[in-house]
Chemist: 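Attaching a single structure in structure tokens format; questions to follow.
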There are 2 protein chains.
Amino acid sequence: MTARCMSIPLIMNLPKPIPCCCPPLLSGRLEPEELNDVARIFRVLGEPARLQLLNLIAAQPSQEVRACELVETLGLSQPTVSHHLKVMYEAGLLTKERRGTWIYYRLVAERLAELRSVLS
Amino acid sequence: MTARCMSIPLIMNLPKPIPCCCPPLLSGRLEPEELNDVARIFRVLGEPARLQLLNLIAAQPSQEVRACELVETLGLSQPTVSHHLKVMYEAGLLTKERRGTWIYYRLVAERLAELRSVLS
DNA sequence: AGTGAATATAGATAGATATCAATATTATGA
DNA sequence: TCATAATATTGATATCTATCTATATTCACT
């Protein structure tokens with residue numbers, strides 16, 4: 001229980017991650033800030049309703065959905081759907097485009113690719 | 001507000017996902033059960049401390065850590081570290097191996113690869 | 001301007017979970 | 001078998017967030 005067991009040194013001088021996109025988790029040490037950023041995005045994906053959203057959009061021939069379609073499809077209230085869309089939009093996973101009364105959401109494929117690279 | 005806007009049909013007869021590992025999120029419709037499973041794993045990765053754990057293990061030349069090292073390194077209490085290790089172990093992200101008093105944890109690379117394929 | 005539909009925000013609540021202190025369990029070695 | 005170190009479990013607490021209802025905002029059309 002007491003500190004007989006030595007801790008791992010925090011600094012190892014490994015190459016800095018590329019700053020433009022998410023740093024890889026398995027090569028090179030990540031800063032606390034970076035860990036927070038990556039964790040935040042994974043948390044966004046940690047909700048079945050949001051995954052279903054991605055899944056639905058990807059299944060559309062048009063590759064987009066109107067927000068209003070989702071209320072009935074997901075079986076959630078309109079504010080809840082709106083909340084999820086906002087969370088995903090702010091996480092960079094979706095784009096939104098207003099066309100008249102409706103708002104269309106699309107996947108950001110690059111963001112997903114980025115996340116994939118985090119895990120490699 | 002009222003239901004003028006049509007919902008997306010839930011059944012589209014797309015090919016069933018391969019049952020052996022995580023189904024891809026962007027091709028083929030996922031069942032609610034599958035969505036839950038995938039979400040659960042992402043939630044495990046949605047904690048900075050756990051990401052730091054993965055990052056630490058990957059940075060070791062031996063590709064493994066003793067649990068006791070992590071307490072000081074992560075700056076968390078021993079029960080908290082134990083909890084995170086358990087969560088990751090049960091999510092299939094880590095293996096554990098007892099050697100004497102110590103328990104060594106390693107990454108499950110296949111599990112991470114699986115997750116990557118979910119996002120493609 | 002006024003109406004109605006689509007979307008967003010505010011506020012409240014319930015459930016999940018990260019964290020800790022205290023304690024239990026397991027393994028080693030004297 | 002006893003002491004000690006490593007690990008796990010228990011129980012409590014605080015924070016986070018998904019969800020809802022109610023309300024506000026935005027837009028198109030007459």
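Letters go in sequence order (proteins before strands), and every chain restarts at 1.
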Chemist: Just to verify, what does Thr95(B) make a side chain to side chain donor-acceptor pair (under 3.5 Å) with, not counting sequence neighbours?
Modeler: none
Chemist: Answer with base, sugar-phosphate or nothing: what part of the nucleic acid does Arg99(A) contact at a heavy-atom distance below 4.0 Å?
Modeler: nothing
Chemist: Near DNA chain C, counting only heavy atoms under 4.0 Å, which residues of residues 79-93 of chain B show up?
Modeler: Pro79(B), Thr80(B), His83(B), His84(B)
Chemist: Regarding Ser77(A) and Thr80(A), is there a side-chain donor-to-acceptor distance under 3.5 Å anywhere?
Modeler: yes
Chemist: Is the NZ or CZ atom of Lys96(B) both under 6.0 Å from the centre of the six-membered ring of Tyr89(B) and within 45° of that ring's axis?
Modeler: yes
Chemist: Check the distance between dA22(C)'s P and Gln78(B)'s CD and give it to me in whole angstrom.
Modeler: 14 Å
Chemist: Take atom CH2 of Trp102(A) and atom P of dA8(C), then tell me their distance rounded to the nearest Å.
Modeler: 15 Å
Chemist: Between dT26(C) atom P and Arg98(B) atom CZ, what is the distance in whole Å?
Modeler: 9 Å
Chemist: Return the value, rounded to whole Å, for the distance between atom CD1 of Ile103(B) and atom P of dA5(D).
Modeler: 17 Å
Chemist: With a 4.5 Å cut-off on side-chain heavy atoms, are Gln52(A) and Leu74(A) touching?
Modeler: yes
Chemist: Measure the distance from CD on Glu97(A) to P on dA6(C) and round it to the nearest whole Å.
Modeler: 18 Å
Chemist: OP1 or OP2 of dT17(D) versus the side-chain N and O atoms of Arg43(A): is any pair under 4.0 Å?
Modeler: yes
Chemist: When the nearest nucleotide of DNA chain D is assigned to Ser77(A) and to Tyr104(B) on a heavy-atom basis, which residue is associated with the more 5' position?
Modeler: Tyr104(B)
Chemist: Hey, what do you get for CG (Leu25(A)) to OG (Ser117(A)), rounding to the nearest 0.5 Å?
Modeler: 10.5 Å
Chemist: Looking at Tyr104(A), I want to see if its OH is surrounded by more than 12 non-hydrogen atoms of other residues, nucleotides or ligands under 6.0 Å.
Modeler: yes
Chemist: Of Gly100(A) and Arg50(A), whose closest DNA chain D nucleotide lies nearer the 5' terminus?
Modeler: Arg50(A)
Chemist: Nearest-Å distance, CG (Leu76(A)) to C1' (dT21(D))?
Modeler: 15 Å
Chemist: Leu45(A) CG to dT17(D) C1': how many Å, rounded?
Modeler: 16 Å
Chemist: Provide, to the nearest angstrom, the distance between the CG atom belonging to Leu74(B) and the C1' atom belonging to dT7(D).
Modeler: 15 Å
Chemist: Between Glu110(B) and Arg116(B), does at least one N-O distance fall below 4.0 Å, as a salt bridge requires?
Modeler: no
